[in-house]
Protein chains: 2
Amino acid sequence: MTMKALVPVFAALGDETRWSILAALGEGDASASALAGRLPVSRQAIAKHLAVLQEVGLVEPVRVGREVRYRVIGAELTATARRLDAIGAEWDRRLTAIKEIAEGL
Amino acid sequence: MTMKALVPVFAALGDETRWSILAALGEGDASASALAGRLPVSRQAIAKHLAVLQEVGLVEPVRVGREVRYRVIGAELTATARRLDAIGAEWDRRLTAIKEIAEGL
DNA sequence: ACCAATTGCAACTTCAGGGTTGCACATCGG
DNA sequence: CCGATGTGCAACCCTGAAGTTGCAATTGGT
């Protein structure tokens, strides 16, 4: 299991542009430059977003020749979903699993 | 179904302080003033956070006399988790498809 | 009626995040 | 070898989010 901080993952997912990037990557792996061609932002902006996404494990870089393509890691999304679901479930049972997360794990 | 924008929900969940608030609310409904007593931020700051959380449907206000208590809506967390899981699963499906093609299955 | 607690509103400060541009460095192809 | 393509790094704006303080308005309890 990745078991990272979780909150940064949500922060990463809380940006429209990053979802655009994830969506574009859904059509196949792509480099920052390639993505800059499809999206209305500069390559450098995309590079920063990719760095953020990589930081939280949502995306993975793959060197292909002189370019760096990125691949989405769907498993990380599902893992995050599982944890979120667990928290929601615990809440309904009046338990406080969230406390641990809020207190920095 | 709530079916709100989803991205704002993640944005709301991408803040440590708001998780602290959610955690505190996990111990029982509470007002902004009461929360300000437990957390290291001002009441007004908490009020803003509660407004954000309410905006995305994660929390619900309940008037009790002259105070306004807030209650966590666990169902919204679960719903968000479901949607996130669906997205992640979709990605895995694509990757699996690609993998099979690449491996000549 | 009065006092204290609570909320609401507004102005203000601070700073990190998202965006840009510019340039230097690598690397592939002809 | 040289030009084109792609990446990395750095400096720089600029808006918005998170936090603060102060004060007016509401409402409960005694």
Side-chain angles (χ1 to χ4, degrees), chain A residues 4-25 27-72 101-104, chain B residues 4-25 27-72:
Chain A
K4 288 193 176 182
L6 185 61
V7 176
V9 179
F10 288 126
L13 292 176
D15 183 279
E16 307 276 0
T17 303
R18 280 193 282 268
W19 277 97
S20 304
I21 292 176
L22 290 175
L25 288 180
E27 319 253 334
D29 301 355
S31 66
S33 299
L35 291 170
R38 296 191 213 168
L39 301 178
V41 284
S42 69
R43 173 186 64 89
Q44 290 80 350
I46 292 186
K48 286 185 186 177
H49 284 302
L50 286 171
V52 172
L53 291 171
Q54 180 181 347
E55 183 70 18
V56 298
L58 284 171
V59 114
E60 182 186 44
V62 181
R63 288 208 70 109
V64 178
R66 77 179 143 190
E67 64 184 327
V68 180
R69 299 207 183 134
Y70 288 83
R71 144 177 307 126
V72 179
I101 294 169
E103 289 171 0
Chain B
K4 287 194 175 181
L6 185 62
V7 176
V9 180
F10 289 127
L13 292 176
D15 183 281
E16 306 277 359
T17 303
R18 280 193 282 270
W19 278 97
S20 305
I21 292 176
L22 290 175
L25 288 180
E27 319 252 334
D29 300 356
S31 66
S33 299
L35 290 171
R38 298 190 213 169
L39 301 178
V41 285
S42 70
R43 173 185 64 88
Q44 291 80 351
I46 292 186
K48 286 186 188 176
H49 284 302
L50 286 171
V52 173
L53 291 172
Q54 180 181 349
E55 183 69 19
V56 299
L58 284 172
V59 115
E60 184 185 42
V62 180
R63 288 209 70 108
V64 178
R66 77 180 145 189
E67 64 185 327
V68 180
R69 298 204 184 138
Y70 287 84
R71 148 176 308 133
V72 179

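Every heavy atom of this structure was used, including side-chain atoms; hydrogens, water molecules and symmetry mates were not. Per chain, numbering begins at 1; letters A, B, ... match sequence-line order.
Within a heavy-atom distance below 4.0 Å of DNA chain C, the residues of residues 58-71 of chain A found are A:Gly65, A:Arg66. DNA chain D is contacted by A:Ser33, A:Arg43, A:Gln44 of residues 33-49 of chain A, taking any non-hydrogen atom closer than 4.0 Å.
Take the nearest nucleotide of DNA chain C for B:Ala32 and for A:Gly14: the residue whose nucleotide is more 5' is B:Ala32.
Using a 4.5 Å cut-off on side-chain heavy atoms (C-beta onward), B:Leu50 and B:Leu35 make contact. Contact annotation: the side chain of A:Val72 never approaches that of A:Leu53 to less than 4.5 Å [non-hydrogen atoms, C-beta and beyond]. B:Asp29 places none of its side-chain heavy atoms less than 4.5 Å from the side chain of B:Val64.
Rounded to 10 degrees, the angle separating the terminal axes of the helix from C:dA1-D:dT30 to C:dG30-D:dC1 is 30°, with each axis obtained from five end pairs.
Rounded to the nearest 0.5 Å, atoms CD1 (B:Ile46) and NZ (B:Lys48) are 12.5 Å apart. Between B:Ser33 atom OG and B:Gln44 atom CD the span is 8.5 Å, to the nearest 0.5 Å.
Looking at every heavy atom in both residues, B:Ser42 comes nearest to B:Ala36 through C-CB, 4.3 Å. Considering all non-hydrogen atoms of both residues, A:Ala24 and A:Arg38 come closest at O-NH1, 3.4 Å.
Taking the 5' to 3' direction, DNA chain C first and last meets chain B under 4.0 angstrom from a heavy atom at C:dA4 to C:dC9. The nucleotide range of DNA chain D contacted by chain B, defined by atoms under 4.0 angstrom from heavy atoms of the protein and reported 5' to 3', is D:dA18 to D:dG28.
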Indicate every side-chain donor-acceptor pair of residues 8-23 of chain A with a distance under 3.5 Å to a residue at least two apart or in another chain.
residue, atom, partner, partner atom, Å
A:Asp15, OD1, A:Thr17, N, 2.9
A:Asp15, OD1, A:Arg18, N, 3.1
A:Arg18, NE, A:Ala12, O, 2.7
A:Arg18, NH1, A:His49, ND1, 3.0
A:Arg18, NH2, A:Ala11, O, 3.4
A:Trp19, NE1, A:Leu13, O, 2.6
A:Ser20, OG, A:Glu16, O, 3.2

